[in-house]
> 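Have a look at this one before I ask anything.
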Amino acid sequence: MKKFTGLFLHLFLSLLLFFPKEQLAQFNVDLIVFEPLPEIDFAAFASVNDLAGAPRISQVTMNPQGQTVVATVGIDWKKPGESSFRYLFSFTTEPFSARSFFNNEVGNSDIRIDDSDANDDLTDELLKIGKPNGSFIITVIIKDENNVELDRDEKRLDFTNPAQTLTIRSPDIGSIQDIGGVLAEWDEVIGASSYKIRANIRRNANQSLEEALNTGNPIIDDKDVGLVTSVNLRNYLDREWLPGQEIVLQVSAQIPGPGGGDELFSQPVNFFFNNANDPQQEQIQNLLTNLFQNLGDSQSGGLLSLIQSGDIDFSDVRITDEDGKILSISELQSLINYLQTNPDALINLSFQPR
């Protein structure tokens, strides 16, 4: 019995000397997905040989490091309403030295893709949606140079709101606001660490809201308001706003993550302040009064009565074209001149109070 025990001990010690330490150590791979993922393009899952431009959504860690390995990454998709997952695509890397890496390092470092495969029909379907939708299982398998599996890990991602957006609820687009204080409210974004507000003056009706927002010096310059979703804009002014001005507002949500994270922007909205001394208000009132008097039908007569009785507040009147562009006094004069000479061109006339 002692002979057998000594023989086994001799063989065990021989194996210890023959195999490098890194091969004896237990190999471990861990797939980390940075959640929550409030907004992400399908490009983040793409199986091209250069993901340098994709956002960082995941990291693969390996221990121990230094051993030559090959990684296989596969993704299965379960569409909303379906009961089972289906193969979407996979790729296998060329051999590389085991280390930790982010998803957007693939093809942009020593980790290169050797081979890839995809379910073209499912990939096209997902690309048409434009955003991940449903549930995904991402699997990472690490093998050694002899194709022996060392370890694997997988994570499931559920996208119940794949196209989450940041929407400003107040102030309403084109509304008239009290210069003493403007309440701004917006939807909460899951995963946001804080919100920033930006506002500027729109000086030209031909400017887009985006152009106005980013021209010159903002009156609110990307102020961080923390995690609240309702603020009085006056409290964050860098300089005073004035009566008669048109203001453009945008809110952004800061999303934490590696490499600085991401930023989700709302669509800009515009609002106005009254200007009691604006002579244009009187001009608009006179032009519309003349138009309704000359038309002489029941619809225009009803609107004329509202004007003459003072029931229309012309500080709150904006004349816009079909694209939402505010007409200047000269443009309004030209339109009214045309309608007076071509009354049949007027299809409908109505008044909608705010």
Side-chain angles (χ1 to χ4, degrees), residues 38-41 55 163-281 315-321 323-329 331 354:
E39 183 182 40
I40 184 171
D41 290 328
Q164 181 172 229
T165 58
L166 174 55
T167 302
I168 295 177
R169 297 196 303 267
S170 175
D172 292 332
I173 296 174
S175 60
I176 304 296
Q177 296 292 321
D178 182 353
I179 201 168
V182 177
L183 178 65
E185 294 182 300
W186 55 89
D187 291 334
E188 180 184 5
V189 173
I190 298 173
S193 61
S194 66
Y195 300 96
K196 290 184 178 180
I197 53 175
R198 183 180 182 88
N200 209 351
I201 301 166
R202 188 185 188 197
R203 303 182 186 278
N204 186 339
N206 293 322
Q207 279 185 318
S208 69
L209 298 187
E210 289 81 4
E211 289 172 333
L213 197 65
N214 296 290
T215 300
N217 296 319
I219 58 173
I220 301 177
D221 193 0
D222 292 329
K223 295 293 181 65
D224 193 318
V225 300
L227 276 172
V228 298
T229 57
S230 176
V231 298
N232 184 344
L233 295 180
R234 168 166 278 283
N235 296 334
Y236 297 92
L237 290 176
D238 289 310
R239 66 180 190 277
E240 192 64 29
W241 48 31
L242 301 172
Q245 287 180 333
E246 177 184 3
I247 307 298
V248 182
L249 169 69
Q250 186 174 56
V251 178
S252 63
Q254 313 304 303
I255 312 298
D262 200 4
E263 193 168 15
L264 179 63
F265 292 89
S266 73
Q267 289 295 321
V269 300
N270 67 321
F271 58 91
F272 300 86
F273 294 124
N274 285 332
N275 187 352
N277 298 319
D278 188 353
Q280 289 192 354
Q281 295 175 10
S315 66
D316 197 14
V317 169
R318 303 284 165 180
I319 310 297
T320 63
D321 62 15
D323 297 320
K325 174 190 169 186
I326 299 174
L327 300 184
S328 65
I329 291 296
E331 290 172 329
R354 291 186 184 276

> Give, for atom OG of Ser193 and atom CD of Gln254, the distance between the pair rounded to the nearest 0.5 Å.
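It is 6.0 Å, given to the nearest 0.5 Å.
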
> Once you round to the nearest 0.5 Å, how far does CZ of Arg234 lie from CD1 of Ile179?
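Result: 6.5 Å between the selected atoms.
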
> Quick one: does Asp238's side chain have a donor or acceptor within less than 3.5 Å of a partner on Asp221's backbone?
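Yes.
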
> Can you list every pair that meets ring pair (Phe, Tyr, Trp, His ring centres under 6.0 Å) and has a residue in residues 169-212, with sequence neighbours left out?
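Applying ring pair (Phe, Tyr, Trp, His ring centres under 6.0 Å) to every pair that reaches into residues 169-212, excluding sequence neighbours, yields Trp186-Tyr195.
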
> Taking all heavy atoms of Ala184 and all of Leu233, pick out the closest pair and write down the distance.
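Where Ala184 meets Leu233 most closely, the heavy atoms are CB-CD2, 3.7 Å.
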
> To the nearest 0.5 Å, what is the distance between CG on Leu264 and CG on Leu166?
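Here the interatomic distance stands at 5.5 Å.
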
> For Val269 and Pro171, which heavy atoms make the closest approach, and how far apart are they?
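Distance-wise, the nearest heavy atoms are CG2-O, 4.2 Å.
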
> Taking atom CG of Asn217 as the centre, does the number of heavy atoms from other residues, nucleotides or ligands within less than 6.0 Å exceed 12?
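For Asn217, atom CG is not crowded (no more than 12 foreign heavy atoms under 6.0 Å).
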
> So, the side chain of Gln250 versus the backbone of Ser266: is there a donor-acceptor pair under 3.5 Å, distance only?
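It does hold such a pair.
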
> Determine whether a donor-acceptor pair (N or O, by modelled atom type, separation under 3.5 Å) exists between the side chain of Arg239 and the backbone of Pro218.
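Such a contact is found between Arg239 side chain and Pro218 backbone.
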
> Return the CH2 to CD distance between Trp241 and Gln177, rounded to the nearest 0.5 Å.
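It is 8.5 Å, given to the nearest 0.5 Å.
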
> Test your reading of the model: is there a side-chain donor-acceptor pair from Ser170 to the backbone of Leu183, 3.5 Å cut-off?
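Looks like yes, one N/O pair under 3.5 Å.
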
> Apply side-chain contact (heavy atoms from CB on, under 4.5 Å) to residues Asn270 and Ile173 and explain how you reach the verdict.
CA-CA 5 Å; Asn270 67 321; Ile173 296 174; 3.3 Å; yes

> Using every non-hydrogen atom in the two residues, find where Ala199 and Leu213 come nearest and quote the distance to one decimal.
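So the minimum-distance heavy-atom pair works out to CA-CD1, 4.2 Å.
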
> Provide the full list of ring pair (Phe, Tyr, Trp, His ring centres under 6.0 Å) pairs with a residue in residues 206-239, sequence neighbours left out, each pair given once.
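Listed by first then second residue: nothing to list.
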
> Measure across Asp172 and Ser175 and return the closest heavy-atom pair with its distance rounded to 0.1 Å.
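Closest approach of Asp172 to Ser175: O-OG, 2.8 Å.
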
> Tell me every residue that passes ring pair (Phe, Tyr, Trp, His ring centres under 6.0 Å) with Phe271, counting only those two or more places apart in sequence or in another chain.
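With neighbours one apart ignored, the set is Phe273.
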
> Can you find a heavy atom in the side chain of Glu246 that is under 4.5 Å from one in the side chain of Ile201?
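They are not in contact (no side-chain heavy atoms under 4.5 Å apart), so the answer is no.
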
> Say whether Glu263 and Ser252, considering side chains only, have a donor N or O and an acceptor N or O under 3.5 Å apart.
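Looking only at side-chain atoms, Ser252 and Glu263 do form a donor-acceptor pair, the distance falling under 3.5 Å.
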
> Quick one: pull up OG1 in Thr215 and CZ in Arg202 and give me the separation to the nearest 0.5 Å.
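The CZ atom of Arg202 is 11.0 Å from OG1 of Thr215, to the nearest 0.5 Å.
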
> Would you check if the side chain of Arg203 reaches a backbone N or O of Ala212 as a donor-acceptor pair within less than 3.5 Å?
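Between the backbone of Ala212 and the side chain of Arg203 there is no qualifying donor-acceptor contact (under 3.5 Å).
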
> Do Leu249 and Ile220 have side-chain heavy atoms sitting under 4.5 Å apart?
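No, every pair of side-chain atoms sits at 4.5 Å or beyond.
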
> Are Gln267 and Leu209 close enough, and set up right, to give a side-chain contact (heavy atoms from CB on, under 4.5 Å), and what steps lead you there?
CA-CA 9 Å; Gln267 289 295 321; Leu209 298 187; over 6 Å; no

